[in-house]
Amino acid sequence: MKKIIWLVGASTGIGAALVRELAQDAERLYISARSADKLSALAEQFSNVNILPFDVTDRAGRHAAIAEIEQQSGRLDTLVLNAGTCEYVDLEQGDTDLGLYQRVLDTNFHGPVALTHEALHLLRRSDAGCIVGISSSVIFTPLPRSQAYGSSKAAFTYWLSTMAIDLRGEGISVVIVSPGFVDTPLTQLNDFKMPFLLSPENAAQRIRDGINRGKTHLHFPKRFTLLLLLEGLLPLRWQHALNSKLSRNKTKHT
Ligand SMILES: NC(=O)c1ccc[n+]([C@@H]2O[C@H](COP(=O)([O-])OP(=O)(O)OC[C@H]3O[C@@H](n4cnc5c(N)ncnc54)[C@H](OP(=O)(O)O)[C@@H]3O)[C@@H](O)[C@H]2O)c1
């Protein structure tokens, strides 16, 4: 049966590639992000895609989008939480702008969490509700400069797992997605070598396939994520020693 799907964070990168994938399974696919122009350009290519532009950190915007889906479709089968941002903490650059933590946590954690709670009544009307959270493999072992991004994704992953436990009895499933590096506007800002970089199309195909096969946790590409998972099994002292070799902050600041 075709589904009512809502993809939040659909304008670029993995999200834009997911539009093409998820449209195939959708009776109606709602796509959201802040950039209305990019969403419109994507939606024009499909007959079953509607745009709902808003900022995931804005309560009024979230509520307006949920009201629109409720009015048009009456239920939600799959909610895909893909909106995300990344800012690195550079201790060698002097004082850290603490607003950075707020921005990253608001977009990657507080916004998607609030949205899910606010939309839960629509997922409860589905026969097989599903929440898909795009987290990150960054949390498998502590990586340099990822204090804010990694914390946001660790919190998001824990929250998704607890939602999985508490919603299981209601028949609502949760899929956690932990990608390695994917070539998107977010990672195109990185000034370091990204191993095993995937295309957004490749990542989107894997995500759709995982959702349709009823997976609980997807991580890819395995040749990268298994290495990180294995490293995460080492004593923390060893992980810190290994990963500090990647740190740029080598000298004592006064
Ligand atoms: N690329 C990777 O290597 C990688 C690896 C692991 C996990 N991820 C995760 O994958 C997800 C997608 O990232 P991406 O790499 O495809 O990056 P991207 O191209 O920058 O996409 C981010 C998406 O989130 C939307 N977004 C950002 N802030 C938003 C806000 N406040 N409200 C609503 N939408 C917002 C953006 O649209 P607007 O700017 O138009 O709002 C865009 O559609 C993120 O959660 C990211 O953390 C990416």
Side-chain angles (χ1 to χ4, degrees), residues 6-22 30-43 49 51-66 79-88 100 102-116 131-141 143 146 148-157 159-160 175-190 192-207 210 217-221 224-225 228:
W6 188 13
L7 170 60
V8 182
S11 60
T12 58
I14 298 170
L18 267 174
V19 174
R20 185 164 302 282
E21 292 297 321
L22 297 177
Y30 295 97
I31 60 173
S32 296
R34 292 165 301 182
S35 314
D37 50 343
K38 291 188 183 131
L39 295 178
S40 296
L42 280 165
V49 176
I51 73 163
L52 293 173
F54 71 102
D55 184 328
V56 76
T57 66
D58 173 49
R59 188 169 178 268
R62 295 194 303 264
H63 283 201
I66 290 165
L79 171 61
V80 184
L81 303 164
N82 178 66
T85 188
C86 178
E87 290 186 60
Y88 292 116
L100 176 160
Q102 190 79 50
R103 290 191 292 277
V104 173
L105 267 290
D106 280 352
T107 302
N108 294 1
F109 182 70
H110 293 118
V113 166
L115 173 91
T116 306
I131 300 165
V132 182
I134 312 300
S135 184
S136 172
S137 58
V138 71
I139 69 168
F140 295 168
T141 183
L143 293 171
S146 302
Y149 183 69
S151 299
S152 73
K153 292 298 189 182
F156 188 47
T157 303
W159 172 78
L160 286 163
V175 183
I176 299 171
V177 184
S178 308
F181 288 112
V182 183
D183 187 11
T184 68
L186 186 140
T187 50
Q188 281 154 16
L189 297 173
N190 288 345
F192 53 87
K193 193 173 175 318
M194 292 179 278
F196 307 113
L197 189 68
L198 294 180
S199 70
E201 291 74 23
N202 184 316
Q205 282 162 12
R206 291 169 189 257
I207 294 168
H217 186 203
L218 304 172
H219 58 92
F220 53 78
F224 180 58
T225 53
L228 293 182

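Along the sequence shown, the residues carry numbers beginning at 1. Both counts, for ligands and for their atoms, begin at 1 and track the order of listing. Heavy-atom basis, side chains included; hydrogens, waters and symmetry copies ignored.
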So is there a nitrogen or oxygen of Pro179 less than 3.5 Å from a nitrogen or oxygen in ligand 1? no
Among all protein heavy atoms, pick out the one at the shortest distance from atom 19 (O) of ligand 1; state its residue, atom name and that distance to 0.1 Å. Thr12 OG1, 2.7 Å
Using a heavy-atom cut-off of under 4.0 Å, does the side chain or the backbone of Ser135 touch ligand 1, or both, or neither? backbone
Please work out, at 4.0 Å between heavy atoms, whether the side chain, the backbone, both, or neither of Met194 comes within that distance of ligand 1. neither
Per-atom filter on ligand 1: closer than 4.0 angstrom to a heavy atom of Gly13 are 16 (O), 19 (O)
Please identify which of these residues, Leu198, Asn202, Thr225, meets the side chain to side chain contact (heavy atoms under 4.5 Å, CB included) condition with Phe220. Leu198
List the steps, then state whether side chain to side chain contact (heavy atoms under 4.5 Å, CB included) holds for Ser11 with Leu39. CA-CA 5 Å; Ser11 60; Leu39 295 178; 4.1 Å; yes
Side chain or backbone, does Ser137 bring an N or O within less than 3.5 Å of an N or O on ligand 1? no
Report the part of Leu186 in contact with ligand 1, treating N, CA, C, O as backbone and CB onward as side chain, heavy atoms under 4.0 Å; options are side chain, backbone, both, neither. both
Polar contacts were defined as any N/O atom of the residue lying under 3.5 Å from an N/O atom of the ligand; does this apply to Asn108 and ligand 1? no
So which of Ile139, Asn82, Leu7, Val19 gets nearest to atom 44 (C) of ligand 1, if we judge by its closest heavy atom? Asn82
Tell me, do Leu218 and Val175 make a side-chain contact under 4.5 Å, heavy atoms counted? yes
Suppose we measure from atom 1 (N) of ligand 1 to each protein heavy atom; which comes out shortest, and what is that distance? Val182 O, 3.1 Å
Can you measure from CZ (Phe140) to NZ (Lys153) and round to the nearest 0.5 angstrom? 12.0 Å
N/O donor-acceptor pair under 3.5 Å between Ser32 side chain and Pro53 backbone: no
Would one find an N or O of Ser136, backbone or side chain, under 3.5 Å from an N or O of ligand 1? no
I would like to know whether Val182 and Thr187 meet side chain to side chain contact (heavy atoms under 4.5 Å, CB included); could you show each step before the answer? CA-CA 7 Å; Val182 183; Thr187 50; 5.6 Å; no
Ligand 1 to Thr187, heavy atom cutoff 4.0 Å, flagged ligand atoms 1 (N), 2 (C), 3 (O)
Can you tell me the protein heavy atom closest to atom 35 (C) of ligand 1 and the distance? Ala83 CB, 3.7 Å
Would you call the rings of His219 and His217 parallel, tilted or perpendicular if under 30° counts as parallel and over 60° as perpendicular? tilted
Take atom CZ of Arg103 as the centre, draw a 6.0 Å sphere, and report whether it contains more than 12 heavy atoms from other residues, nucleotides or ligands. yes
Of all the non-hydrogen atoms in the protein, which one sits nearest to atom 31 (N) of ligand 1, and at what distance? Asp55 OD1, 2.9 Å
Looking only at protein heavy atoms, which one is nearest to atom 38 (P) of ligand 1, and what is the separation? Ser11 OG, 3.5 Å
Are any side-chain N or O atoms of Asp106 and backbone N or O atoms of Gly111, one a donor and one an acceptor, separated by less than 3.5 Å? no
Starting from atom 48 (C) of ligand 1, find the nearest protein heavy-atom neighbour and note its residue, name and distance. Ile14 CD1, 3.9 Å
Nearest protein heavy atom with distance in Å, relative to atom 14 (P) of ligand 1: Thr184 OG1, 3.5 Å
Which is it for Thr107 and Thr57 under the side chain to side chain contact (heavy atoms under 4.5 Å, CB included) test, yes or no, and what are the steps along the way? CA-CA 6 Å; Thr107 302; Thr57 66; 3.9 Å; yes
So between Tyr149, Phe156, Phe220, whose heavy atom ends up nearest atom 46 (C) of ligand 1? Tyr149
Quick one: does Ala203 get within less than 4.0 Å of ligand 1, heavy atoms only? no
Ignoring hydrogens and geometry, is there a side-chain-to-backbone donor-acceptor pair from Asn82 to Gly9 under 3.5 Å? yes
When rounded to the nearest 0.5 angstrom, what is the spacing between CG in Asn190 and OG1 in Thr184? 8.5 Å
Please report which non-hydrogen protein atom sits nearest to atom 40 (O) of ligand 1, along with the residue it belongs to and the distance in Å to one decimal place. Ser35 OG, 2.4 Å
Measure the distances from the heavy atoms of Gly180 to every atom of ligand 1 and state whether one is below 4.0 angstrom. yes
Should Phe156 and Ile139 count as side-chain neighbours, where that means a heavy-atom distance under 4.5 Å? no
With heavy atoms of Phe54 as the reference, note each atom of ligand 1 found under 4.0 Å away. 32 (N), 33 (C)
Applying side chain to side chain contact (heavy atoms under 4.5 Å, CB included) to Glu21 and Ile207, what does each step give before you reach the verdict? CA-CA 9 Å; Glu21 292 297 321; Ile207 294 168; over 6 Å; no
Just heavy atoms, cut-off under 4.0 Å: does Ser178 contact ligand 1 by side chain, backbone, both, or neither? neither
Numbering the atoms of ligand 1 from 1, which are under 4.0 Å from a heavy atom of Phe181? 3 (O)
Under 3.5 Å between some N or O of ligand 1 and some N or O of Val56? yes
Distance, nearest 0.5 Å, that separates CH2 of Trp6 from OG1 of Thr116: 8.5 Å
Would you say that Leu105 contacts Ser152 through its side chain, given a criterion of any heavy-atom pair below 4.5 Å between the two side chains? yes
May I ask whether Lys38 places a heavy atom under 4.0 Å from ligand 1? no
Got an N/O contact under 3.5 Å between Thr57 and ligand 1? no
Heavy-atom gap Thr85 to ligand 1 smaller than 4.0 Å: no
